[in-house]
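Read through the structure below, which is laid out as structure tokens, and then see the notes.
Note that ligands are numbered from 1 as they come in the structure, with each ligand's atoms numbered from 1 the same way. All values reported here derive from a predicted model rather than from experimental measurement.
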Amino acid sequence: MISTNSKELLEMPIHDFIIPAEKVAHVQIGNNAEHALLVLTKTGYSSIPVLDSSYRFHGLISIRMIMDSVLGLERIEYENLEVSNVTEIMDRDIATLNINDNFKRALDLVINHAFLCVIDDEGTFVGIMTRRVILKQLKKYVYQPKS
Ligand code: AMP
């Protein structure tokens with residue numbers, strides 16, 4: 001049974017929990033795979049968003065996707081890093097949150113993703129919501145004394 005407290009949490013708007021776009025490491029359409037690999041390695045993040053110059057969200061790119069793309073039959077084809085574009089490698093089929101979604105939708109989606117990209121109605125990237133932030137909120141509610 002859903003208690004009043006959890007109902008309150010599940011219906012909470014997500015906007016207070018978003019890491020804003022300006023704080024999110026990303027690459028742009030037009031960047032090559034080498035640049036994306038550099039950003040991913042330097043930041044230590046497993047995957048980052050791919051945006052266009054208007055900050056519209058297009059997909060996610062990860063070190064694994066990049067390494068898969070240069071994996072030849074007998075060797076790693078490092079020379080391809082410079083010539084391949086992030087758009088050829090990134091995953092476009094990504095579940096996203098809308099800025100107006102509630103906590104329940106984030107909770108449902110985050111089970112399979114370490115973080116979720118948040119977009120507005122125009123498809124502009126607003127930021128990310130991480131599993132860490134969602135679990136922190138959940139913990140707060142689970143440990144809260146019953147009212
Ligand atoms: P965390 O919960 O901090 O471990 O983040 C989980 C994942 O979310 C990371 O591996 C990244 O893929 C992504 N992430 C978190 N913070 C950022 C950020 N500031 N910029 C880009 N990606 C991020």
Side-chain angles (χ1 to χ4, degrees), residues 2-3 5-72 76-145:
I2 299 177
S3 73
N5 279 351
S6 36
K7 194 164 180 278
E8 192 186 314
L9 171 69
L10 294 175
E11 286 173 359
M12 210 179 255
I14 59 165
H15 49 71
D16 289 343
F17 309 119
I18 296 171
I19 298 174
E22 62 271 19
K23 289 191 177 161
V24 178
H26 71 274
V27 289
Q28 284 209 344
I29 276 187
N31 287 152
N32 63 18
E34 188 174 25
H35 177 76
L37 189 58
L38 207 68
V39 176
L40 282 159
T41 308
K42 281 200 163 173
T43 58
Y45 294 132
S46 49
S47 67
I48 51 174
V50 180
L51 309 178
D52 64 23
S53 55
S54 308
Y55 254 66
R56 268 188 304 266
F57 175 74
H58 288 265
L60 286 181
I61 192 156
S62 67
I63 291 188
R64 188 183 173 164
M65 290 171 206
I66 296 171
M67 292 317 289
D68 270 354
S69 78
V70 291
L71 206 62
I76 296 173
E77 295 161 353
Y78 289 107
E79 63 278 11
N80 289 343
L81 285 174
E82 205 185 332
V83 292
S84 53
N85 193 285
V86 289
T87 49
E88 299 159 29
I89 302 168
M90 69 184 187
D91 188 358
R92 294 170 191 271
D93 188 19
I94 303 291
T96 55
L97 288 170
N98 181 281
I99 183 79
N100 299 312
D101 279 337
N102 61 17
F103 194 86
K104 181 184 181 305
R105 181 160 148 75
L107 192 58
D108 287 343
L109 288 178
V110 88
I111 288 169
N112 293 319
H113 307 276
F115 72 100
L116 299 161
C117 290
V118 186
I119 57 173
D120 68 12
D121 292 338
E122 277 77 49
T124 304
F125 179 70
V126 178
I128 59 171
M129 198 168 167
T130 63
R131 188 182 282 158
R132 186 195 300 271
V133 168
I134 293 173
L135 284 177
K136 259 190 187 169
Q137 286 308 312
L138 202 57
K139 183 179 163 187
K140 228 160 81 180
Y141 270 80
V142 170
Y143 287 3
Q144 174 174 274

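When heavy-atom distances to ligand 1 are checked against a 4.0 Å cut-off, H26 has no atom that comes that close, whether in backbone or side chain.
Looking at P49 next to ligand 1, no N or O pair under 3.5 Å apart turns up.
If you check which protein heavy atom lies closest to atom 20 (N) of ligand 1, you get A25 N, 2.8 Å. Counting only heavy atoms of the protein, atom 5 (O) of ligand 1 lies nearest to T130 CG2, 4.0 Å. Atom 19 (N) of ligand 1 has as its closest protein heavy atom K23 O, 2.9 Å. For atom 6 (C) of ligand 1, the closest heavy atom belonging to the protein is A114 O, 4.1 Å. Distance from atom 13 (C) of ligand 1 to its nearest protein heavy atom, with residue and atom name: F115 CD2, 3.5 Å. Taking atom 10 (O) of ligand 1 as the reference point, the nearest protein heavy-atom neighbour is S46 OG, 3.0 Å. Of the protein's non-hydrogen atoms, Y45 CD1, 3.6 Å is the one closest to atom 22 (N) of ligand 1. For atom 4 (O) of ligand 1, the closest non-hydrogen atom of the protein is R132 NH2, 3.0 Å.
Residue contacts with ligand 1 leave out R131, since none of its heavy atoms falls under 4.0 Å from the ligand.
The only member of V24, L97, L60 that meets side-chain contact (heavy atoms from CB on, under 4.5 Å) when paired with C117 is L60.
Heavy-atom proximity to atom 15 (C) of ligand 1, evaluated over I128, V24, T43, I48, is greatest for I128. For atom 12 (O) of ligand 1, the nearest non-hydrogen atom from the set C117, G127, S47 belongs to S47.
For the pair F17/V118, no side-chain contact is recorded, criterion being any heavy-atom separation below 4.5 Å from C-beta on. By the 4.5 Å heavy-atom criterion applied to side chains, H35 and V39 are counted as neighbours. In this structure, the side chains of L109 and D101 stay at 4.5 Å or more apart for every pair of heavy atoms.
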For this session: Start with the C-alpha gap between R92 and V50, add the side-chain angles, then the distance that decides, and say whether side-chain contact (heavy atoms from CB on, under 4.5 Å) holds.
Result: CA-CA 9 Å; R92 294 170 191 271; V50 180; over 6 Å; no
For this session: Using the side-chain contact (heavy atoms from CB on, under 4.5 Å) rule, take H58 and T87 through it: C-alpha gap first, then chi angles, then the decisive distance, then the call.
Result: CA-CA 8 Å; H58 288 265; T87 49; over 6 Å; no
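Heavy-atom contacts from other residues, nucleotides or ligands closer than 6.0 Å to CD of E82 number 12 or fewer.
Looking at residues two or more places apart in sequence or on another chain, you find no salt bridge (charged side-chain N to carboxylate O under 4.0 Å, His left out) involving D91.
Taking the six-membered ring for Trp and thresholds of 30 and 60 degrees, Y55 and F125 have ring planes inclined between 30 and 60 degrees apart.
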